[in-house]
2 protein chains.
Amino acid sequence: MPEQFRKGVLVPRLDDVAAAAGVARSTASRVMSGEATLTIREETRQRVLDAAAKLGYRPDTRARALRLKRTYALGIVVPEIDNPAFGTIIRSAQKAAIERRYSLFISLADKDQPDTALYRRLVEGKGVDGVLVTTISDPGLVDELRRRSIKHLLVNRELEGHQGSIIVDYVEATAQVVEHLVMLGHRRLAFISGPLHQYAGQKRLEGFTKGLRRCGLVPDEQLIGECNYGWAEAAEVFKRIYVASAAPPSAVCAANTTIASGMIAGARSIGLEVPDELSVISLLDSPLALMHVPAISAVQFPFEELGRLAANELIDAIENGSEMENVRLERFRIAERGSVSSLR
Amino acid sequence: MPEQFRKGVLVPRLDDVAAAAGVARSTASRVMSGEATLTIREETRQRVLDAAAKLGYRPDTRARALRLKRTYALGIVVPEIDNPAFGTIIRSAQKAAIERRYSLFISLADKDQPDTALYRRLVEGKGVDGVLVTTISDPGLVDELRRRSIKHLLVNRELEGHQGSIIVDYVEATAQVVEHLVMLGHRRLAFISGPLHQYAGQKRLEGFTKGLRRCGLVPDEQLIGECNYGWAEAAEVFKRIYVASAAPPSAVCAANTTIASGMIAGARSIGLEVPDELSVISLLDSPLALMHVPAISAVQFPFEELGRLAANELIDAIENGSEMENVRLERFRIAERGSVSSLR
DNA sequence: TAGGGTTAGGAAATCGATTTCCTTTTCACT
DNA sequence: AGTGAAAAGGAAATCGATTTCCTAACCCTA
């Protein structure tokens with residue numbers, strides 16, 4: 001009875017393929033997995049392949065993983081899913097992974113639920129061969145990965161003394177934005193950041209002050225604002241800064257397009273024209289930048305490349321045991337749109 | 001030597017725990033997996049638990065899955081990751097899954113790469129116990145799931161004759177938006193949809209004409225536009241419609257906030273005031289709606305509930321073999337903000 | 001045709017956990 | 001103390017694939 005049962009109801013196993021082709025399980029395995037440690041006669045190969053096709057055989061990943069101690073799966077931990085930068089990274093990383101015959105699983109690192117799916121089941125349970133980490137707000141994750149010596153690569157994040165990270169250059173890009181504005185004649189620059197205790201905020205602030213110093217200017221505490229809660233807050237923060245400052249800014253760098261947009265709304269609400277009376281630039285591009293009149297100038301980073309390289313570097317490390325490096329992608333581009341004016 | 005080797009370098013297995021506790025593997029298994037088919041003396045239990053804790057033992061998911069024929073993992077296939085509705089669905093589904101001790105893996109159904117990770121490795125290779133499907137643009141996926149009799153649930157999508165889907169009511173919501181506008185005195189309504197060949201576009205168009213008919217009005221082909229490529233196109237489409245129509249619309253329904261935003265820009269570019277000369281409402285809310293002055297009125301759907309219920313229904317079906325139902329969440333809310341005016 | 005080297009393919013161990021089936025121990029009761 | 005039932009725990013099969021080790025068949029040459 002098991003014979004009928006197997007053919008009809010259940011999913012075929014390798015044994016079924018072997019039986020159908022009239023060969024041993026081992027031979028079927030050799031044919032299916034391709035990696036020929038042994039030569040197989042062409043005619044036998046075809047018999048097995050035909051049988052597999054007819055039965056609709058698909059190898060069982062779980063069994064394979066158990067035996068091979070390899071899952072050919074990668075995980076990526078992301079803090080938020082609807083951030084366009086992460087979206088791009090995920091997409092390109094998945095594409096690169098698939099090209100090398102790996103799968104990529106995405107797992108959200110929920111703030112209220114740090115005990116993520118990926119972490120609990122996959123990493124601890126050896127469900128993935130490696131992990132891309134795009135958030136370090138929970139340092140416990142990286143610690144644990146290191147402790148269990150699971151290959152992992154920090155993506156768009158870096159950590160003091162940590163081997164294996166790949167980043168874009170927020171610092172230099174921000175510094176160059178500042179230089180760009182100064183070259184256009186701006187002298188009073190404001191900076192409205194996202195949460196300053198987070199990685200991106202810190203790097204951008206660092207770049208901001210670095211850029212100013214390169215131009216022989218000194219940062220003015222009064223012109224530096226922090227915005228934790230998005231658009232509406234950005235408008236308020238801007239107004240507060242503008243009104244309070246002795247000499248108001250002629251240009252503002254916003255951490256991202258949401259903040260830039262909010263700031264523009266704030267500026268307009270107190271009668272300021274953009275870009276004539278206030279130049280605005282976003283330190284991170286997104287589709288939102290184009291949804292304004294004028295469109296918002298913004299810095300574009302090679303996030304697609306970042307995701308691709310990250311996946312490939314991780315896979316290399318898994319397959320060749322190669323050490324992971326710390327890579328910094330220096331490329332970026334200031335997309336000049338209409339929100340910045342020249343004072344000259 | 002293997003003894004030392006195991007303790008030092010490698011990850012502990014159940015056998016190591018058993019050895020450390022001085023019991024048999026089977027006993028250790030019974031303690032660790034909790035499900036007591038057999039009673040275990042409290043003292044023995046503690047010994048095993050202590051040993052496991054000391055060794056840092058974590059069960060190997062792959063081996064477990066192989067033996068149990070269950071992975072306690074769910075997959076979700078999403079068409080795009082940076083759409084706020086999908087973001088909400090994913091987040092709440094993941095949360096619900098974790099609460100029931102399942103993992104949720106997200107996989108992007110890339111258009112140019114329909115051969116997704118989830119599909120290839122997980123579904124075919126029995127890597128997940130069930131799948132949430134949020135896109136039907138590739139009907140092959142659903143076909144294949146059905147053919148392999150893998151539990152799956154359509155989320156925010158439905159298919160003729162398909163058992164197992166959970167949706168929000170785009171049709172009724174859109175119809176009620178139309179009624180709402182008509183009650184405010186609007187008679188000439190325009191509708192700018194996203195791609196009309198896709199699910200959401202079809203449902204909204206259906207609701208739009210249904211709403212009009214309920215109010216005794218007839219849809220005017222001239223006032224129906226399609227926008228496939230986002231903001232800038234929406235502005236153009238709107239202008240074209242407005243200029244071309246004999247009697248111009250006093251209100252417009254946009255499929256989503258990006259289109260609504262683009263339309264508003266288009267309207268302003270031809271000198272129209274919003275909401276005084278043109279009312280605008282989005283049939284789908286997103287943070288972008290609040291990034292306007294005036295803020296854009298929009299329809300809010302219970303996507304969080306959708307994701308939660310979807311995960312739970314799928315898990316129920318997996319665990320109890322219960323049939324999956326077709327559920328429609330009727331709740332929705334029209335968030336009135338400033339972009340709609342009354343003509344009375 | 002015997003001998004040596006290849007080529008082709010099979011039997012069985014293995015990966016790590018679960019579970020069935022069985023044996024031993026414990027305990028209550030007479 | 002002896003008996004039977006219940007409790008506690010162990011040995012081994014199992015899940016589905018890979019791989020090592022081995023044997024049989026084949027081919028060529030001397």
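Letters A, B, ... are given to chains in the order of the sequence lines, protein chains preceding strands, and every chain is numbered from 1. Keep in mind the model is a prediction, meaning the values are calculated, not measured.
- For the pair A/Asp15 CG and D/dT18 P, the computed distance is 12 Å after rounding to whole Å.
- Distances shown here put every side-chain N or O of A/Thr27 at or beyond 4.0 Å from the OP1 or OP2 atom of C/dG9.
- Positionally, the nearest nucleotide of DNA chain D for B/Arg45 lies more toward the 5' end than for the other of B/Ala63 and B/Arg45.
- The base of D/dG9 does not come close enough to the side chain of B/Arg25 for any donor and acceptor atom to sit less than 3.5 Å apart.
- On a pure distance criterion of 3.5 Å, a polar donor-acceptor pair joins the side chain of A/Arg30 and the base of C/dG10.
- At C/dG16, none of the side-chain N or O atoms of B/Tyr57 fall inside 4.0 Å of OP1 or OP2 (strictly under the cut-off).
- Nucleic acid contact class of B/Leu68 (heavy atoms, under 4.0 Å, all strands): sugar-phosphate only.
- Other residues, nucleotides and ligands contribute more than 12 heavy atoms inside 6.0 Å of the CD atom of A/Glu158.
- Note on B/Ser26: every side-chain N or O is 4.0 Å or more away from OP1 and OP2 of C/dT20.
- Between the side chains of A/Ser322 and A/Asp316, not a single donor N or O lies within less than 3.5 Å of an accepting N or O.
- In terms of heavy atoms, B/Pro12 sits closest to B/Leu55 at CG-O, 3.3 Å.
- The side chain of B/Arg64 sits closest to C/dT18 out of C/dG9, C/dG16, C/dT18.
- Across all strands, B/Arg62 comes closer than 4.0 Å to no nucleic acid atom at all (heavy-atom distances).
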